[in-house]
Amino acid sequence: MQSNNFKPTISIEDVFSLFTIKNQEFKSMELNALLIQYVKMQESKVRPDTINMYLDHLGDMIEFFNAHGVYETKHINQDIIDRYIRYSQNVAHNKNITINKRIGILTAMLRRTAEAGLITQPEYKFQKLKETSAKIETIKPETVKKILAQINSMKLSHQVIIYLLLSTGIRRNELVNIKIQNINFRNKSIYLEFTKSGKPRFCYFAEKLEKLLQELISKNDPKNPYLFQHHDSHIDKMTVSSMLYKLKRDLDIDILSSHKFRHLYATQLLKNGADIFSVKELMGHQRLEITQRYLDFTNEELKQNNFKYNPLKNFE
């Protein structure tokens, strides 16, 4: 006769198996620990500047999340994302482009770490906020003339830096990482290995710059591969910024930076008739929409000039 007091037993192995299955169903990590892991995953794939950008943007978001009781990935949901958007817009007064960028970086981190098996990706929906085009300020023509009037009195390396920024529109990091072996005097081109996108491209220089480049190279240490040398490596981007800041102060210039030279280069190309696709490639833009901003700027300027100089004003 079978006993009615029979109780099924569960072994330790069964308990462990159930725990493992449950743990596989949903994995969570503390947010700061996840950020450290994500940085380690990305270090070999992206530039140091990009890593710093991740730390800045994600650090800001994690600080907000922690202040609202969100410490792990399992706590991230639609409500905290919506609250962060409202805070960013109404309290921090961040632009929509900044909010879109930060949530995009957060989403990428959560997706990639989930794909790596570190966490279960939290669920939330985010529709990009409408971005307003930022005003593009460029260096004025009279400012360029003022700089060029003084350029022969500057250090040779500073002359080359200014002519490169003015005539190629390259970024600071691209400029300081130029290697002498990548300068082709026959084609008047420079092969840029180090770029923001990681995709190499060419820039081109004129005859005036050719002579200055040759002179600078002749004075450089032949054992150092870089054009702009500092000890056994190259100058850093802050050296370029400091030089331009001193020039701005000495010549009493309102607007002057490497990025403003870049703006000037793009807008002048478009004003002089260059097609937008060529400008995109020369600027190293990944998306045409970025280059479009410069075209919109030149069109707006044309419109204002029409109103300002319209012949109808002569008859009113």
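Q42 is not listed as a side-chain neighbour of M109, based on a closest heavy-atom distance of 4.5 Å or more. You'll find the side chain of I139 reaches within 4.5 Å of the side chain of F261, heavy atoms only. The side-chain heavy atoms of L156 and K219, taken from C-beta on, include a pair separated by under 4.5 Å. Using a 4.5 Å heavy-atom threshold, the side chains of L164 and F228 count as touching. Residues Y294 and H285 meet the side-chain proximity criterion, which asks for heavy atoms closer than 4.5 Å. Between S167 and Y265, the closest side-chain pair of non-hydrogen atoms is not below 4.5 Å. The closest side-chain heavy-atom distance from Y54 to V46 is below 4.5 Å.
Checked by atom type and distance alone, the side chain of Q78 pairs as donor or acceptor with a backbone atom of K125 at under 3.5 Å. Remark: the backbone N or O of M29 is paired with a side-chain donor or acceptor of T73 at under 3.5 angstrom. Side chain of N224 to backbone of Y226: a donor-acceptor contact under 3.5 angstrom is found. Although no hydrogens or angles enter the test, the distance criterion places a donor-acceptor pair under 3.5 Å between the side chain of Q159 and the main chain of M154.
When the side-chain hydrogen bond (donor to acceptor under 3.5 Å, both in side chains) test is applied to H158, no partner is found at least two apart in sequence or on another chain. Residues passing the side-chain hydrogen bond (donor to acceptor under 3.5 Å, both in side chains) test with Y38, sequence neighbours excluded: R112.
A donor-acceptor pair shorter than 3.5 Å can be found between the side chains of T107 and Y124. For E72 and S28, the side-chain atoms include at least one donor-acceptor pair closer than 3.5 Å. Side-chain contact, R171 with S258: no donor N or O sits under 3.5 Å from an acceptor N or O. E123 and N77 form no side-chain donor-acceptor contact under 3.5 Å, judged by distance and modelled atom types alone. In this model, a donor atom of one side chain and an acceptor atom of the other lie less than 3.5 Å apart for R102 and Y84.
Each of N66, I105, I103, V70 was evaluated against M61; a single residue qualifies, I103, per the side chain to side chain contact (heavy atoms under 4.5 Å, CB included) test. Tested against I170 for a side chain to side chain contact (heavy atoms under 4.5 Å, CB included), the candidates V176, N177, L282, L192 yield a single pass: L192.
Here the straight-line distance linking atom OG1 of T143 with atom NZ of K248 works out to 10.5 Å at 0.5 Å rounding. In this structure, the separation between CG on N100 and CD1 on I85 is 8.5 Å, given to the nearest 0.5 Å. Within the model, atoms CG of L35 and CG of L106 stand 10.0 Å from one another, a figure rounded to the nearest 0.5 Å. Rounding to the nearest 0.5 Å gives a distance of 8.5 Å between CG of L175 and CD1 of I190. Here I235 contributes atom CD1 and R172 contributes atom CZ; the two are 11.0 Å apart, rounded to the nearest 0.5 Å. Here NZ of K74 is found 12.5 Å from CD1 of I76. Values are rounded to the nearest 0.5 Å.
Under the 4.0 Å criterion applied to side-chain N and carboxylate O atoms, E210 and K188 are assigned as salt-bridge partners. Comment: D82 does not engage R86 in a salt bridge, judged by the lack of any side-chain N to carboxylate O separation of less than 4.0 angstrom. Note on K95 versus E131: no salt bridge recorded, every NZ/NE/NH1/NH2 to OD/OE distance being 4.0 Å or above. Residues D49 and K196 are not paired through a salt bridge, judged by the lack of any N-O separation under 4.0 Å between the basic side chain and the carboxylate.
In the hydrophobic cluster analysis, where Ile, Leu, Val, Met, Phe, Trp and Tyr join through side-chain heavy atoms closer than 4.5 angstrom, I178 is grouped apart from F194.
Between R201 and T195 the shortest heavy-atom distance is NH1-CG2, 3.7 Å. In terms of heavy-atom proximity, L110 sits nearest to T113 at O-OG1, 3.3 Å.
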- Query: Going through the checks in order, is the ring-ring contact (aromatic ring centres under 6.0 Å, His included) test met by H75 and Y71?
  - Reply: CA-CA 7 Å; H75 299 137; Y71 300 100; 7.1 Å; no
